[in-house]
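Let me begin by presenting the structure, written as structure tokens, before commenting on it.
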Amino acid sequence: TMTFKVPSSEVPGYSAIYRNDNYKDGTFGNEYAHITTLYELFQHQLAIAPKSKFLGTRQYNPADDSFGQYEWLTTTEAAEIVDDFGSGLDHVFKKYAPDAPGIGEQQPVGLYSLNRAEWLLGELSAFRSRRYSVGVCDTVGVEYAEHIVRKTELCVAVASLEKIPRMLDRMAHTPGLRVIISMDRLDCSQPRVDTQAFCAKTTSVELRARATALGLVLLDMQEVIEMGRAEPTLAQPPAPSDLCSLFSSSGTTGAQKCILVPHSAFVHATKSFYLMMRFSDSTYVSFAVIAHCLERCAIYMCMYGGAHIGFYSGDYARLLEDMQVLRPTLIVSIPVVLNRMYDSLVKTTMGEAGFSGTLLRMAHRSKLKKLTAGRGAHHMLWDCVVFNKVAAKFGGRIKAILSGGCPSRPEVVDFFRVSLSCDVLHGFGQCESLTVGTMQLPGEHTTGHSGVPCPGVDIRLRSVPETGHLVTDIPCPRGELQLRCPSMFYGYLNEPEKTSAVMDNGWLCTGDIVQVNANGTVSVIDRINHMIRNKTCCTLSPDRIEPVYNSHHLIQASFVHAQTSHAELVAIVVPDPDTFVPWARKVVSQPAASLDTLCASPAITKALLAALRSHATSAGLSADELAGAIYIEPVLFSTKNCGLTTLTHKLRRRAIAEHYAEKLSNMYAEMDKRDELLASATNKIAAKK
């Protein structure tokens, strides 16, 4: 087994406690004991790599709308900016927000932009004077961003220039804001692709005038840096117990909650990941949402071994191009992004027709057989002939891909392991534990599990009789996963009842049903709050059903729903336009029909339902798990921009059910009408007999 089972640790209703086999006492010992805050972690990066490339940004050329090489700040240059901007923030708070609300003696600094060097520099500058960061994000809607600003009582926010006009337009929704600091120069002397709509007049004059009229102070980062440089202040580094950051929870079970995280918890989480992976001199490409804890944990984890952090250029369509220029060694992502990369790449590699596609498929089978036999991911012949070309699309140096959230599809994991000759490792964690929980070990070649406990983390299972998952189950104990570790959050902001609800005598209740496998790995089975029931009182798992529907080549996303008044469930499915449109046009013999037209066609709906039921049956779903009706939604849930998914693209089930309430009602009514017609026909046949 790869997991240490603590002797005699079982109590009634709970499993034994499990730990990482290399850290049986549940602690790190004295490893990196001198690092107790994220500010000290940055000082560690400065000490071990002062002249090293630290923060990289791709330069934009407005003349031909192109991007060039990465330009870098060394760690020393970054430290100088942190000192100057941190001093400037001290003056800003003293002059414009002396009575800014906060928590205890600390005040928040908001950070609102896509991933970029200024975001991280702003956070480190806040730490310099015991302030804590609040990541503001509008990925799931501008209302979500405004909710964060109000909830955390932000007075000072550092934002990218393109966000500022809308912030001014909607000031009524964020009345507590007093100061906005633009990450970009207000004189537009340093152009970026997202500032092309601005000029010196619209920013330096008009935006400032609008801000002044609203009672706001508008500055840019360079102005604040110059304030600090002219009059430096004494740094007041945070203590381990001080607040480090406020994160927003995923919101899968309702409204997002603000999670209070101390420096000690964040350091423990990053240290745990680093001790498990031991990455050194990593070149990391930052593109996952930086306001989310997964991305920040990845960035800070790299600093233990000396980090080179290159930020993507702001558009996922250019991400592969960014990687080819940056040549990263590490990627941290969420499964939905990996799935999209896979879907795109497989069409131009193994999906190709002719000799090229045949060769790639043969090479893939050969390497996969070697990999699953435990003989490594490299193959001298096939890498040279075939896969080095695929690896070059990612820069040619990837050593590991780490992912969190729901598990990636096995074929996606296998594709990247084979094509890039690298580790693809999946983990389980939550915002409340700073994403720390379990993680696959380097060199892992199997799928279907989320690895073993991370160093310094205790896990155990709680029996859930109402769903039939017990810690006494044979051959594998099953139940709700609970976590205990120093990387735990302080609680939810102003919500003590909800904080108490997720804690069980010092253990975090994750809400996820798992099993501990014979080899000590942990597999996520389901989520307690996601269980649905039909008319026959059969308990159904969307987390089991939806991946099956999503694996059909015509579908890229789905949502299933059940009611206790109906025996069959219904589904909302989002088609993959690349495969669905050609298929659907043939079904209705309309070669020029649009995606919207095809999605609204009753004939297409009927044909797709039949195809999905057949696919689900072949995949092993039971009759209770087959959809009786579907609605075809042409737009991805995550791009509708109305809060239907979390920052990590997980479905917010309650929000989706409310948004599509009319569609769901219509599908149930459609099934009722069908059942009535069937019953009437059956009665007529019986009467004739």
Side-chain angles (χ1 to χ4, degrees), residues 2 273 276-277 279 285 287-288 294 298 319-320 323 328-351 360-361 363-379 382-383 386-387 390-391 393-394 398-429 435 437-452 454 514-515 517 519 521-525 543-544 546-553 555-557 619 648-650:
M2 295 181 280
F273 278 130
M276 201 163 191
M277 303 299 162
F279 295 129
V285 56
F287 64 88
L294 176 64
L319 182 56
L320 286 180
M323 291 191 200
T329 59
L330 175 64
I331 294 174
V332 175
S333 184
I334 53 177
V336 67
V337 175
L338 296 180
N339 291 345
R340 289 174 187 170
M341 286 183 179
Y342 166 81
D343 292 337
S344 174
L345 286 169
V346 80
K347 293 172 186 174
T348 58
T349 54
M350 293 192 302
L360 275 160
R361 290 188 291 272
H364 185 272
R365 285 193 299 270
S366 175
K367 277 197 71 175
L368 185 59
K369 183 178 179 180
K370 181 175 183 285
L371 179 67
T372 53
R375 292 188 284 119
H378 293 276
H379 192 292
W382 293 127
D383 288 344
V386 173
F387 291 113
V390 181
K393 295 179 183 290
F394 293 80
I398 298 294
K399 294 180 180 177
I401 298 175
L402 311 183
S403 76
C406 55
S408 297
R409 306 198 307 262
E411 67 270 23
V412 175
V413 175
D414 288 339
F415 174 82
F416 284 113
R417 284 175 176 169
V418 166
S419 300
L420 306 185
S421 300
C422 71
D423 281 329
V424 181
L425 308 175
H426 180 74
F428 172 90
T435 73
T438 66
M439 192 76 199
Q440 291 179 329
L441 294 167
E444 180 61 72
H445 58 82
T446 63
T447 59
H449 63 87
S450 298
V452 300
C454 293
V514 306
Q515 73 178 30
N517 303 310
N519 63 357
T521 59
V522 174
S523 294
V524 179
I525 302 172
D543 291 334
R544 163 180 158 82
E546 288 164 356
V548 172
Y549 289 141
N550 295 348
S551 67
H552 192 281
H553 72 283
I555 301 300
Q556 58 178 332
T648 53
H649 295 272
K650 291 184 285 188

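- No donor-acceptor contact under 3.5 angstrom links the side chains of T447 and D414, judged on distance only.
- A donor-acceptor contact shorter than 3.5 Å links the side chain of T372 to the backbone of L368.
- Residues M439 and F428 are not in side-chain contact: their nearest non-hydrogen atoms beyond the backbone lie 4.5 Å or more apart.
- We find the OG-CG distance between S551 and N339 to be 11.0 Å, quoted to the nearest 0.5 Å.
- No side-chain heavy atom of V514 sits under 4.5 Å from any side-chain heavy atom of S523.
- At least one cation-pi condition fails for K399 and F279: the charged atom is not both under 6.0 angstrom from the six-membered ring centre and inside a 45 degree cone around its axis.
- When the shell of 6.0 Å around NZ of K369 is examined, it contains 12 or fewer heavy atoms from other residues, nucleotides or ligands.
- R375 and K370 get closest at one heavy-atom pair: O-NZ, 2.7 Å.
- The two atoms that bring A363 and V386 nearest to each other are CB-CG2, 4.3 Å, heavy atoms only.
- Annotation: side chain of M341 is in contact with side chain of L319 (closest heavy-atom distance under 4.5 Å).
- You'll find the side chain of M323 reaches within 4.5 Å of the side chain of F287, heavy atoms only.
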L402 and I331: side-chain contact (heavy atoms from CB on, under 4.5 Å), yes or no, with the steps?
CA-CA 6 Å; L402 311 183; I331 294 174; over 6 Å; no
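- For the atom pair T521 OG1 and L441 CG, the distance stands at 9.5 Å (nearest 0.5 Å).
- If you check the side chains of K367 and S421, you find a donor sitting under 3.5 Å from an acceptor.
- Using a 4.5 Å heavy-atom cutoff, the side chains of C422 and R417 are not in contact.
- Heavy-atom minimum distance, H449 versus N517: CB-ND2, 4.1 Å.
- How far CD of E444 is from CG of D423: 9.0 Å, rounded to the nearest 0.5 Å.
- Listed here is the closest heavy atom pair of V452 and M276: CG2-CE, 3.7 Å.
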Carefully, step by step, assess L425 and I401 under the rule side-chain contact (heavy atoms from CB on, under 4.5 Å).
CA-CA 6 Å; L425 308 175; I401 298 175; over 6 Å; no
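- Across all non-hydrogen atoms, the minimal contact from C454 to T438 is SG-C, 3.8 Å.
- With values rounded to the nearest 0.5 angstrom, S403 atom OG is found 7.5 Å from Q440 atom CD.
- Looking only at side-chain heavy atoms (C-beta outward), Q515 and V524 stay at 4.5 Å or farther from each other.
- Using a 4.5 Å heavy-atom threshold, the side chains of L345 and F394 count as touching.
- To the nearest 0.5 Å, atoms CZ (F415) and CG (L420) are separated by 7.5 Å.
- For the pair W382/H364, no side-chain contact is recorded, criterion being any heavy-atom separation below 4.5 Å from C-beta on.
- In terms of heavy-atom proximity, V424 sits nearest to F416 at CG2-CB, 3.8 Å.
- Note that the OG atom of S419 and the CD1 atom of I398 stand 12.5 Å from one another [nearest 0.5 Å].
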